[in-house]
Amino acid sequence: MELILTEDQELLAKTAADFVSEHSPVSRVRKLRDAKDPVGFSKELWKQMAELGWLGIPFPEVVGGAGLGFAELAVVLEALGRTLAPEPFLSTVLLGGQVLLLGGTEVQQKEWLPPVVNGDCILTAAYQEPQTRYDLRRVATRADRKADGWRLSGEKIQVLDGHVADALVVVARTSGGEHDAKGLTLFLVRKGAPGLEITRQSRVDSRNAALVKLSGVAVGPSEVIGAVDEGGDLFENVVDRATVGLCAEMLGSMEEAAASTFKYLKTRVQFGVPIGSFQALKHRAARMYIELELSRSTVMAAARAVDEDHPELPKLASLVKARCSDAGILIANEAIQMHGGVGMTDEYDVGFYLKRARVAEITFGDASHHRDRWARLSGY
Amino acid sequence: MELILTEDQELLAKTAADFVSEHSPVSRVRKLRDAKDPVGFSKELWKQMAELGWLGIPFPEVVGGAGLGFAELAVVLEALGRTLAPEPFLSTVLLGGQVLLLGGTEVQQKEWLPPVVNGDCILTAAYQEPQTRYDLRRVATRADRKADGWRLSGEKIQVLDGHVADALVVVARTSGGEHDAKGLTLFLVRKGAPGLEITRQSRVDSRNAALVKLSGVAVGPSEVIGAVDEGGDLFENVVDRATVGLCAEMLGSMEEAAASTFKYLKTRVQFGVPIGSFQALKHRAARMYIELELSRSTVMAAARAVDEDHPELPKLASLVKARCSDAGILIANEAIQMHGGVGMTDEYDVGFYLKRARVAEITFGDASHHRDRWARLSGY
Amino acid sequence: MAELETFRRETRDWLLKNAPPDIVGLPANDLEGNWGGRRATYAVPGMKTWLLRMAERGWTAPSWPKEYGGGGLAPGEAKVLSQEMTRLRLPPPLIGFGLTMIGPTLLQYGNEEQKREHLGRICRGEIRWCQGYSEPGAGSDLASLQTKAVRDGDDFIVTGTKIWTSYADKADWIFALVRTDPAAKKQDGITFLLIDMLTPGISVRPILLISGKSPFCETHFESVRVPVRNVVHKINAGWTVAKSLLGHERSMIADAFGGAGAGQRTARLSALASLARERLGDARGQIADPVLRDRIALEDMDTRAFGFTVQRAKDGAKAGHRPGPESSIFKVYATELNMRRRELMVQTLGPSGIGWEGPGFTESDLETTREWLRSRGNSIEGGTSEVQLNIIAKRVLGLPD
Amino acid sequence: MAELETFRRETRDWLLKNAPPDIVGLPANDLEGNWGGRRATYAVPGMKTWLLRMAERGWTAPSWPKEYGGGGLAPGEAKVLSQEMTRLRLPPPLIGFGLTMIGPTLLQYGNEEQKREHLGRICRGEIRWCQGYSEPGAGSDLASLQTKAVRDGDDFIVTGTKIWTSYADKADWIFALVRTDPAAKKQDGITFLLIDMLTPGISVRPILLISGKSPFCETHFESVRVPVRNVVHKINAGWTVAKSLLGHERSMIADAFGGAGAGQRTARLSALASLARERLGDARGQIADPVLRDRIALEDMDTRAFGFTVQRAKDGAKAGHRPGPESSIFKVYATELNMRRRELMVQTLGPSGIGWEGPGFTESDLETTREWLRSRGNSIEGGTSEVQLNIIAKRVLGLPD
């Protein structure tokens, strides 16, 4: 892999940066939050992103996609991360969409992926449960076999964009006990299915999330994605890819949090001088920059690993997630500290970055979890 | 407990500080090292310390001691730590002497403790083995029962002052397997006993340590200290006390390393100003000071816990050792970094402090070991 | 000693007779304590009676001189009163910045007229005070404050903005630093002024924090007329008054973060360790996540070590030593301990530690998350950690400027 | 491409024919490589032949112009040569500061006479060079150097002391910074001078480090007479020459700490992880100490992330981008990674990690301990971490002075 942007990728980065600065300032996130917007993001903007071809980046041309890869996706997600755009990329493109791309039948792909690419369909994955913590294979939701298919029962939490999703990929247990790695199957459940109850949640970053209760929801054989009992590996692969995408977004966020802090250091005057002239703050700013640069290299490498179907992808996904989680929190904490009192006020944007950094850290596992996974995958 | 020095203790501190600055500069340690001195410390100075009453501090008057406690001992050890005095306090007073004080019969105490107090006898404890790491109960050295007593066989490493000791307290297994907590017994082995082979070792701090090989060393019933099979608890208690003493010494060392660094910051000029005017170094110096102050409070508390036979002593010993280990390494590392290039030369003293800090950290268990022990003793 | 025991017995009898039953066991924290003031409200009816009875005896400010409304108690007596109140689980009848901040300041720097005017009303809980120091442009560099007070006959005309004025929306009076001589060098042109919040031209806006609601406000002064007799100490000499108050504030913060009693033996698991055992599970008697367990042990151990350090300072003070340099570390270390602890709490909660409100999160988890967010300000408010480290480097270590 | 393949074939044939068999597989590190020089010694006899044959072809300095003794190879050809030597496990025939430091400097700043005098001798391994920059009073603040060079006709008289002159005790010539104008402002009065170490008045004393023996020396100049024609570039313009060399040195340090190839897939366990498995034992396939295991994973992961960052800079350079700001972090991060790794190694060794020499410790454990001690200097030598962070803050982030 080469860790540089091609000319096309440079161009995409510029388009994305321009789009974000014109249409998606952080004030938009604030407005959606304060208005308790029922959708939680801008459908209009989502449609525009579709028109720009962004939603189709990782999908093949046969479903209307661009046939590009995560190297390109990362460029767009980084730009969106800069201003914390709350559109359902992670849920729709990186979770639901990737499950269908990697595990769906042609029929399933033809039904769902074109509307995803067009921005007409929101997908998500319901995998987390109250006891899951970061263990993707710890699933209590059951799928009981019936003559005409399955009945799903269980409880999922923090389902991204759950309350606006047209369909959910539900991870359920078709065999084995709660902790077994095998015996998981993925099911597609449509909005409004009888027995499906969705309650919106409120998290610190004010992005969409929902509780999902399944009370004997009926699904037919055509709604199974991938092989029965073999959904665990498929879903873990999807989460590895989604993790790389999430980290690209995190990179953008920490970049912006750092940049706004460096700017503040240059302009805020105390004791008659800009506070950025104080060496202790300088050195800490340099440390932030180092963490940022290492994070950037790692995001680039991991995105290319997805595109190359690199056998080390699981390790690199853990590498990038551990790194971006730690760097994200460090940079957000330093951003607030260096902003001083105003950094603690809701009125300033910097707190939004801390809140998002924490939620992003928790999503798909925190740094400690991924260091453990890296060590395990490395054979120690 | 009260965390202040009494007037008597203040006086003792002053005497010790004066004595150390007059008789025991760091250059003395350097000379002993460079000359490969066969004794490894100054017998003369040791005798003087005895005359000052220091060796008798924790022993009762009946054996010639002062009947004082660890609060007083800590004051002296701190002063000695300041200039890295290599006299056999740890081996003789804190290990061998304490074993006899806590576990010895009256006969044993009468034989050994008066010469200890007088400075005429060097004692030590041989407990570490190649596989011990920090687990005091992991002992492979065997004591086989015979008609007339026992035969000791095994290998001990890094026995403090082993090559100059008049007698060694040997921890040996009288029952159970290598990892069993029970089944350990303490034996007193005299210098020159047949089958006892002692080889001097060289560690980075150039303090005395030795390999001890026991090949069927015969010991009689009168040389058992404490109850047979019950030596594990006794020895752990001794090590807890010795740990507190060691930490007092470590406190003195880190205090001096920090003080010499603060002095260097005030005098070393670069870019036309003393480097201590650079804020980044200032903040790091303040951090060193904070670690030092917390270490001091903890040493004082732990020493008083020994004197009060406080039920929390094991926890406090772990607290003080974890803290002084971490603070010692931090301060020594920063001392070298702030001294710059000259700090790396053997010609400057600051490297001696780093080397001693590392050896002290390892002795009786490193910080991570003691955090684990603290958590275990706290019930989590 | 015998006298003190008599005092103890009499005090206990009096308390038993006069404390209304509904106040027993009430907590004494900021949220639930009685702040008094013109607009005081009492969740528990007995609290008003309790205040009146205690104030009548001077026991809302037990150590203050009797002539100004205090109890005139000697230190030993005051300690006995406090012990007996604790024993009977009686909350203080009154809390607030009047008792802790402006009162002691007036006792030291106020003139006779000011003491007579204000101290009694503080003791009786009639007036609630707030503090007007920081400004948008003057945070760590407090002396660069710009709120100006221009002399107009017997009055000053005050114009400017104060921030971080805690509870300004509930306070009756404010003690503020204002610039009375713009030509003087920074600290030299500052005056310490007492201002009635009912004076025309004052407006108050509560500040929302990243953790949600807060007691902080922004307070605007638009040509507010304040009598010159409300100057404490001398005109242009307010910095002296402010400094003595600031030191006081910092040690209060260290106390508030639990530094006070942490040297005591902790009989039970720390809240953090017990949360971790509950949430992460238990493997052979140990918190199942060994890496987090190690961090928790470090946090608990540092807390204990810090507690010993606070105790050392107190024991030294009791023995009559002047405050040692070790006390300079209290503010920075106490806040860092708390911040690390909050961070470990949310890390322990994991996916349960990122809720803002509503379904899917327990009340206690939501509170933990908000407290974590709130804690990020600990190293900023009351003098940033950076300023504290500067002070240690300069005053304690003597490093050059 | 076809031409390059022809070159590859010819090169390989030549190498196969000319490389003495006893040099195959020799390591190319500082200790075992061939430094050349007047007093060169050859542990392996073939190394001398290897040097002569390669030097004759100009392949000790493949990219330098032929007229000065180099190989005159284009970048593509030089890469092929290097690849073929690696493939055949042939060590470089010559290493040292002549090739890496003063040679390139002379190519850029030297006059024709200097190039003719020195470059050929460097290529043939006849002269070994050392560097005289730092002084006891001029460490991070290099420009405050005080070694003075006073003009005396066609000579300078040099007096002063240089430290950290690596291998000065083995070198034949030194390139040094001297102060030629004491009145000028710091950088402005400095001259870059070439000095034969055989000149009377020079004395060299090796420096012992806390880790033991070292290549470092202290070099004294007592009225040493140096011809003015040995000035590189112009008198009082030596700072320009020095700066270009310094940047070069820093990237060499980053490379030396393994930044170069760390982006590559690491097929096997890191040395650290495998040491830990061996010494701490294995619990269900994992290093038995979970806390240390977490720190080791972090170290390995950071090493990988740093490797990717080095690769990114290289890929960018290959694509013709100017060196990006990311390269400013190499020196500081590479050394920190190494220091952390050494620290983790001794922590893993525990009681086995504190030996100095002799019985009771294995050779490999003793080496680990010495390397840990030696590593403490990594963040000092070649520009302290503090100076690097200042540079990042100023040049990359644009923070004010």
Side-chain angles (χ1 to χ4, degrees), chain A residues 1-7 258-259 261-263 265-267 273-279 281-302 304 310-312 315-316 318-320 322-323 326-327 367-368 370-380, chain D residues 263 265-266 268-270 272-274 276-277 282 284-287 290 293-302 304-321 324-330 332-333 336 385-386 388-394 396-401:
Chain A
M1 60 178 81
E2 287 222 311
L3 300 184
I4 40 169
L5 296 188
T6 63
E7 269 179 45
T261 304
F262 299 154
K263 196 174 151 194
L265 291 178
K266 291 175 204 173
T267 50
V273 292
I275 59 173
S277 64
F278 293 120
Q279 197 196 33
L281 296 187
K282 273 187 184 171
H283 282 197
R284 281 158 55 189
R287 296 271 173 205
M288 291 163 72
Y289 170 76
I290 291 175
E291 292 304 319
L292 198 54
E293 283 302 307
L294 264 70
S295 300
R296 172 175 298 286
S297 314
T298 318
V299 166
M300 288 177 81
R304 280 151 189 75
H310 200 292
E312 277 205 311
K315 270 183 77 171
L316 294 181
S318 280
L319 171 61
V320 72
R323 162 146 285 286
D326 278 346
S368 177
H370 282 289
R371 282 196 295 272
D372 175 64
R373 186 170 180 254
W374 160 284
R376 211 159 6 88
L377 293 171
S378 299
Y380 63 89
Chain D
R265 182 172 173 191
T266 42
R268 52 189 190 79
L269 276 189
S270 68
L272 175 56
S274 95
R277 255 233 307 237
D282 182 294
R284 284 153 301 152
Q286 301 185 357
I287 293 167
R293 173 175 174 265
D294 176 73
R295 291 298 92 182
I296 289 171
L298 177 61
E299 170 71 17
D300 284 350
M301 292 166 95
D302 281 347
R304 193 71 180 273
F306 180 63
F308 283 133
T309 308
V310 174
Q311 188 195 331
R312 178 154 70 94
K314 292 197 171 175
D315 289 348
K318 264 189 287 182
H321 303 166
E326 71 272 17
S327 66
S328 63
I329 68 180
F330 289 172
V332 58
Y333 207 82
E336 283 180 3
S385 289
E386 286 78 7
Q388 307 301 325
L389 293 173
N390 284 345
I391 292 174
I392 295 170
K394 182 176 179 174
V396 182
L397 307 182
L399 295 181
D401 274 331

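A note on names: the letters A, B, ... follow the listed sequences, proteins ahead of strands, and every chain is numbered from 1.
- Remark: A:Arg376 engages A:Asp372 in a salt bridge, criterion side-chain N to carboxylate O under 4.0 Å.
- Interface remark: A:Arg371 contributes backbone and side-chain atoms alike to the contact with chain D (heavy atom separation under 4.5 Å).
- Options D:Asp282, D:Leu298, D:Leu397 differ in how many heavy-atom pairs under 4.5 Å they form with chain A, and the most are formed by D:Leu397.
- Contact count versus chain A (heavy atoms, under 4.5 Å) is highest, among D:Asp302, D:Leu399, D:Ile296, D:Ile392, for D:Leu399.
- Atoms CZ and CG, from A:Arg323 and A:Leu294 in turn, are 4.5 Å apart once rounded to the nearest 0.5 Å.
- When each of D:Ala393, D:Pro400, D:Ala319 is checked for heavy-atom pairs under 4.5 Å with chain A, D:Pro400 comes out on top.
- Heavy-atom pairs under 4.5 Å with chain D were tallied for A:Leu265, A:Leu281, A:Val273, A:Ile290; the largest tally goes to A:Ile290.
- Each of A:Arg296, A:His370, A:Arg284 has some count of heavy-atom pairs under 4.5 Å with chain D, and the biggest count is that of A:Arg296.
- Here D:Lys318 pairs with D:Asp315 in a salt bridge; the nearest charged N to carboxylate O distance falls below 4.0 Å.
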Task: side-chain contact (heavy atoms from CB on, under 4.5 Å) evaluation trace for A:Trp374 with D:Arg304 - done: CA-CA 12 Å; A:Trp374 160 284; D:Arg304 193 71 180 273; 4.0 Å; yes
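- Taken to the nearest 0.5 Å, the CD atom of A:Glu2 stands 10.0 Å off from the CE atom of A:Met300.
- Residues that satisfy the side-chain hydrogen bond (donor to acceptor under 3.5 Å, both in side chains) test with D:Arg295, not counting sequence neighbours, are absent from this structure.
- How far OG of A:Ser378 is from CD of A:Glu312: 8.0 Å, rounded to the nearest 0.5 Å.
- Residue D:Glu336 touches chain A through its side chain alone, counting heavy-atom pairs closer than 4.5 Å.
- Of the two parts of D:Ser328, only the side chain, counted from C-beta on, holds a non-hydrogen atom closer than 4.5 Å to a non-hydrogen atom of chain A.
- Note: D:Phe308 CZ to A:Glu293 CD = 15.0 Å, rounded to the nearest 0.5 Å.
- Using a 4.5 Å cut-off between heavy atoms, D:Arg277 contacts chain A through its side chain alone, with no backbone atom that close.
- For A:Phe262, the parts sitting under 4.5 Å from any heavy atom of chain D are the backbone and the side chain alike.
- Among D:Val332, D:Val396, D:Asp294, the residue making the largest number of heavy-atom pairs under 4.5 Å with chain A is D:Asp294.
- Note: A:Leu319 leads A:Leu316, A:Thr298, A:Val320, A:Leu319 in heavy-atom pairs under 4.5 Å with chain D.
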